[in-house]
Amino acid sequence: MGRKPKVVALGGGHGLYASLSALRNVTDELTAVVTVADDGGSSGRLRRELGVLPPGDLRMALAALCGDDEWGITWSEVVQHRFRSEGDLHGHAVGNLLIVALWELLGDPVAGLDWVGRLLGARGRVLPMASVPLDIVARVELDGVISTVRGQVACALTPGRVQAISLVPENPPASQEAVRAVLDADWVVFGPGSWFTSVLPHLKVPELAEALHLTKARRLVTLNLAPQPGETDDFSPQQHLEVLRQHAPDLTVDVVLADTGVVDDLDALEKSAAALGGQVITACVAAEDGSPRHDPRRLASVLDEIFLQKR
């Protein structure tokens, strides 16, 4: 058997969780590079109180990399568990507290995440995309009026249409481990996930964006199964690619993976993919229950075939 491909998956939240749940069954050489702009819930509280990176998306990525054995299932449930109380612990996820505790003890976010990964038996590595907490600023159009909103939660919940995003601080320092992983990868996977708040922010971290442009890795975009309320209402699959091109005009993509059930205009999608230098592959990768979720086994099977160039 040949060497398994080195894969870097970019994103955050539930979209990255779906991607990693599939990819961990395809390769042992897996690295997640995770957005660090969350300002809501448990992550937002810890970020404001302690000045740390928001741990929630990092925690979810680690949970996704847990194995299917008793150890992996148990620890995945533990780190995802949220306290329910009338006090200050209400809403905090156990994994967030564990991650932040290791950061305080070790003084190194990457080392702390590696220790949690070892505890969980994670099948891969989880890294932050930047070494400082970030804020997302979105330019939003509503009824013909352009305004800006700041913060991941505000961007995700805006009633207007998001047109573009930027980061504060404007040129944040990238995680050097993330940069090295991208440059060393065989494949880089964008999406699925919240397009403006989980996927595109990686292209606004200068050193990471440069690595994504320079890497010899092939690049794959996994399209969402449904628009993200607030962020991408009424977006067609090809509009996701057009926005990607607007934010990174020099970035090339090799493969665009779309579920057969969400492609209404294949010609238009192929044209948008070709503008990025890529080809479209359609396959049934959605969950059987009809919900807008990727099925990990279906997605893994298709990704494996793509990596082996059987599609």
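No hydrogens, no waters, no symmetry mates; every other heavy atom, side chains included, goes into these values.
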Checklist outcome for this item: Note: Ser198 and His202 closest approach over all heavy atoms is O-CE1, 3.1 Å
Checklist entry - More than 12 foreign heavy atoms under 6.0 Å from CZ of Arg297: is that the case here? => result no
Next on the checklist: As an exercise, state the distance from CG of Leu97 to CG of Leu46, rounded to the nearest 0.5 Å.
Outcome noted: 6.0 Å
Item to check | Side-chain touch Pro169/Val132, heavy atoms, less than 4.5 angstrom | outcome: yes
Checklist entry - Distance from Gln239 atom CD to Gln246 atom CD, nearest 0.5 Å? => result 9.5 Å
Next on the checklist: Given 3.5 Å as the limit, does a donor-acceptor pair link the side chain of Ser43 with the main chain of Gly56, or not?
Outcome noted: yes
Checklist entry - What orientation do Phe307 and Trp187 show, parallel under 30°, tilted 30 to 60°, or perpendicular over 60°? => result tilted
Next on the checklist: Quick check: closest heavy atoms across His240 and Ser236, and the distance to 0.1 Å?
Outcome noted: ND1-O, 3.0 Å
Checklist entry - Should Leu127 and Val110 count as side-chain neighbours, where that means a heavy-atom distance under 4.5 Å? => result yes
Checklist outcome for this item: CD (Glu210) and OG1 (Thr215) are apart, to the nearest 0.5 Å, by 12.0 Å
Item to check | Interatomic spacing from NZ in Lys204 to CD in Glu170 - rounded to 0.5 Å | outcome: 9.5 Å
Item to check | Heavy-atom closest pair, residues Ala248 and Leu203 | outcome: CB-CD1, 3.9 Å
Checklist entry - Would you say Leu200 and Val149 are hydrophobically clustered, going by side-chain heavy atoms of ILVMFWY under 4.5 Å? => result yes
Next on the checklist: Checking the side chain of Thr158 only, and the main-chain atoms of Gly160 only, is there a donor and an acceptor separated by less than 3.5 Å?
Outcome noted: yes
Next on the checklist: Is there a side-chain contact between Leu102 and Val116 in this structure, where contact means two heavy atoms from C-beta onward sitting under 4.5 Å apart?
Outcome noted: yes
Next on the checklist: I'd like to know if the side chain of Thr74 reaches the main chain of Glu70, judged simply by a donor and an acceptor atom lying under 3.5 Å from each other, with no hydrogens or angles considered.
Outcome noted: yes
Checklist entry - Taking only residues two or more places apart in sequence, or in another chain, which ones meet Ser42 in a side-chain hydrogen bond (donor to acceptor under 3.5 Å, both in side chains)? => result His92, Asn96
Item to check | same_hphob_cluster(Leu257, Leu266) at 4.5 Å side-chain heavy-atom cutoff | outcome: yes
Next on the checklist: Does either side chain, that of Ser272 or that of Glu242, offer a donor lying less than 3.5 Å from an acceptor on the other one?
Outcome noted: yes
Next on the checklist: Please check this pair: side chain of Arg219 against backbone of His213, looking for a donor-acceptor N/O pair closer than 3.5 Å.
Outcome noted: yes
Item to check | Check ion pair Arg298-Glu288 (N to O, under 4.0 angstrom) | outcome: yes
Checklist entry - More than 12 foreign heavy atoms under 6.0 Å from CZ of Arg45: is that the case here? => result yes
Next on the checklist: Determine whether Arg161 and Val140 satisfy the following criterion, side-chain contact (heavy atoms from CB on, under 4.5 Å), listing intermediate values before the conclusion.
Outcome noted: CA-CA 5 Å; Arg161 169 168 286 199; Val140 177; 5.8 Å; no
Item to check | Side chains of Arg123 and Leu30 in contact at under 4.5 Å (non-hydrogen atoms) | outcome: no
Checklist entry - Can a salt bridge be assigned to the pair Asp186 and Lys216 using a cut-off of 4.0 Å between side-chain N and carboxylate O? => result no
Checklist entry - Which residues satisfy the side-chain contact (heavy atoms from CB on, under 4.5 Å) test with Val94, sequence neighbours excluded? => result Val78, His81, Phe83
Checklist entry - If you group Ile, Leu, Val, Met, Phe, Trp and Tyr by side-chain heavy-atom gaps below 4.5 Å, do Leu106 and Leu120 land in one group? => result yes
Checklist entry - Side-chain contact, heavy-atom cut-off 4.5 Å: Leu276 with Leu251? => result no
Item to check | Same cluster (ILVMFWY, side-chain, under 4.5 Å), Phe190 and Val262 | outcome: yes
Checklist entry - Leu62 and Val79: side-chain contact (heavy atoms from CB on, under 4.5 Å), yes or no, with the steps? => result CA-CA 9 Å; Leu62 285 163; Val79 297; 6.0 Å; no
Checklist entry - Got a salt bridge between Arg24 and Asp28, using NZ or NE/NH1/NH2 to carboxylate O under 4.0 Å? => result no
Item to check | Short side-chain to backbone donor-acceptor contact, Asp259 and Val285, under 3.5 Å | outcome: yes
Checklist entry - Sub-3.5 Å donor-acceptor pair from the side chain of Glu104 to the main-chain atoms of Ala101, do we have one? => result no
Checklist entry - So do Pro109 and Ser131 actually touch side chain to side chain, heavy atoms under 4.5 Å? => result no
Next on the checklist: Please check: side-chain N/O of Arg293 versus main-chain N/O of Ala287, any donor-acceptor pairing under 3.5 Å?
Outcome noted: no
Item to check | Heavy-atom donor-acceptor pair, Trp75 side chain to Gly67 backbone, under 3.5 Å | outcome: no
Checklist outcome for this item: Of all heavy-atom pairs linking Ala174 and Leu208, the shortest is CB-N, 3.9 Å
Item to check | Taking every non-hydrogen atom, the tightest pair across Arg82 and Gly91 | outcome: NH1-O, 2.7 Å
Checklist entry - Any side-chain donor paired with an acceptor under 3.5 Å for Gln176 and Glu207? => result yes
Item to check | Nearest heavy-atom neighbours spanning Val52 and Val100 | outcome: CG2-CG2, 4.1 Å
Next on the checklist: Evaluate Arg59 against Leu98 for side-chain contact (heavy atoms from CB on, under 4.5 Å), listing each step before the verdict.
Outcome noted: CA-CA 9 Å; Arg59 179 202 80 244; Leu98 177 62; over 6 Å; no
Donor-acceptor contacts, no H, no angles, side chain residues 5-22, under 3.5 Å, sequence neighbours left out:
| residue | atom | partner | partner atom | Å |
| --- | --- | --- | --- | --- |
| Lys6 | NZ | Asp184 | OD2 | 2.9 |
| Ser21 | OG | Tyr17 | O | 2.7 |

Checklist entry - Looking at CD1 of Ile99 and CG of Leu53, how far apart are the two atoms once the value is rounded to the nearest 0.5 Å? => result 10.5 Å
Checklist entry - Are any non-hydrogen side-chain atoms of Leu167 and Val205 less than 4.5 angstrom apart? => result yes
Checklist entry - Under a 4.5 Å side-chain heavy-atom rule over Ile, Leu, Val, Met, Phe, Trp and Tyr, are Val126 and Leu183 clustered together? => result no
Item to check | Point-to-point distance, once rounded to the nearest 0.5 Å, from CD1 of Ile165 to CZ of Arg150 | outcome: 13.5 Å
Checklist entry - Counting N and O atoms only, with roles assigned by atom type, does the side chain of Ser194 sit under 3.5 Å from a partner on the main chain of Thr197, one being a donor and the other an acceptor? => result no
Next on the checklist: Applying the side chain to side chain contact (heavy atoms under 4.5 Å, CB included) criterion to Ile306, which one of Leu220, Val26, Asp254 satisfies it?
Outcome noted: Leu220
Next on the checklist: Could you check whether any side-chain N or O of His247 sits under 3.5 Å from a backbone N or O of Ser166, counting only pairs where one atom can act as donor and the other as acceptor?
Outcome noted: no
Item to check | Pairing of Asp39 and Arg47 as salt bridge, 4.0 angstrom limit | outcome: no
Item to check | More than 12 heavy atoms of other groups within 6.0 Å of Asp289 CG | outcome: yes
Item to check | Heavy-atom side-chain proximity of Gln279 to Val256 below 4.5 angstrom | outcome: no
